Amino acid sequence: MKPFRRDTILLIVTNPVDLLTSLAQRLSGLPSAQVIGTGTLLDSVWLRGILADKYDVAASSIDAMVLGEHCGTRFVCWPSVSIGGIPIDDFATPSVVDKLKIIQDCKDEGQSIIEEKGAIVFGIAAVVATLCTSILFDQRRVYPISHMQPDLGCCLSMPTVLGKSGAENTPTVSLTLIEKEELQQVAVEMNQVLARLLDSV
């Protein structure tokens, strides 16, 4: 595909999306902001749907993101989850929420859809349309998409401002020690695979 126009933005959709986005980043020669993957945006849509059912509210009223590795080491940034601007822990008593079960339900959602419908083509198609709209119209919406994490040396999903230049800004997210260690381990494994792939190019 090379050479690319200088303003090209590559959007990687195929799984394993984080690995392929990292590989595209290395091979394309484009600035890191211009190579992105769909990441955990679909996981986040599923999460909002699960929470909407749990709290009997519209999914559009929920602000929640799944971060990390799509279909791998991923987690919910619970301190930032809110319903209508109200922190989720203040919206209802903590006993109502089994956060570990919600995370597991979110992880199982993709397989459940495949078993019922045979594929998740409509979900990922909606995600691609959403991301392309944010880029083409410079909407600068914040999405959890896969993009280069300089401190990890590979692409994983973190919240980012998505506009006409790609991943334009990544807000700082407070992670627990366990989440940081899991991300670092994922990065080590991914970078090892990347090294083997690049050696064969």
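Bear in mind that the values here come from a model prediction, so they are computed numbers and not experimental data.
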Can you check side-chain contact (heavy atoms from CB on, under 4.5 Å) on Asp98 and Lys54, steps first, answer last?
-> CA-CA 10 Å; Asp98 185 344; Lys54 176 74 70 176; 5.7 Å; no

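Applying the side chain to side chain donor-acceptor pair (under 3.5 Å) definition to pairs two or more places apart or across chains, those involving residues 10-29 are Asp18-Ser146, Arg26-Asn191. For residues 113-131, there are no side chain to side chain donor-acceptor pair (under 3.5 Å) pairs, not counting sequence neighbours. Pairs engaging residues 3-17 under the salt bridge (charged side-chain N to carboxylate O under 4.0 Å, His left out) rule: Arg5-Asp7 [sequence neighbours left out].
The backbone N or O of Phe4 sits nowhere less than 3.5 Å from a side-chain atom of Thr8 that would complete a donor-acceptor pair. Here the side chain of Gln149 pairs a donor or acceptor atom with the backbone of Leu156 at under 3.5 angstrom. Asp138 contributes a side-chain N or O that, together with a main-chain N or O of Lys164, makes up a donor-acceptor pair within less than 3.5 Å. Without hydrogens or angle criteria, Lys2 side chain to Leu27 main chain gives a donor-acceptor distance under 3.5 Å.
Closest non-hydrogen pair, His147 versus Pro159, comes out as CE1-O, 4.4 Å. Listed here is the closest heavy atom pair of Met148 and Ser32: CB-CB, 3.9 Å.
Put simply, the side chain of Ile36 does not reach to within 4.5 Å of the side chain of Ile12, judged on heavy atoms. Using a 4.5 Å cut-off on side-chain heavy atoms (C-beta onward), Thr160 and Val142 make no contact. The shortest side-chain heavy-atom distance between Val161 and Arg141 does not fall under the 4.5 Å cut-off. Residues Ile145 and Leu11 are not in side-chain contact: their nearest non-hydrogen atoms beyond the backbone lie 4.5 Å or more apart. Using a 4.5 Å heavy-atom cutoff, the side chains of Tyr143 and Val127 are not in contact. Residues Lys101 and Asp105 are in side-chain contact: their nearest non-hydrogen atoms beyond the backbone lie under 4.5 Å apart. Residues Glu189 and Val193 are not in side-chain contact: their nearest non-hydrogen atoms beyond the backbone lie 4.5 Å or more apart. The shortest distance between side-chain heavy atoms of Gln184 and Val188 does not fall below 4.5 Å.
Here Asp53 pairs with nothing under the salt bridge (charged side-chain N to carboxylate O under 4.0 Å, His left out) rule; sequence neighbours left out. Under the salt bridge (charged side-chain N to carboxylate O under 4.0 Å, His left out) criterion, Lys99 pairs with Asp89, not counting sequence neighbours.
Heavy-atom neighbours of Phe137 CZ from other residues, nucleotides or ligands within 6.0 Å: at or below the threshold of 12.
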What side-chain donor-acceptor pairs closer than 3.5 Å can you find for residues 58-78, not counting sequence neighbours?
residue	atom	partner	partner atom	Å
Glu69	OE1	Thr73	N	3.1
His70	ND1	Asp43	OD1	2.7
Arg74	NH1	Asp43	OD2	2.2

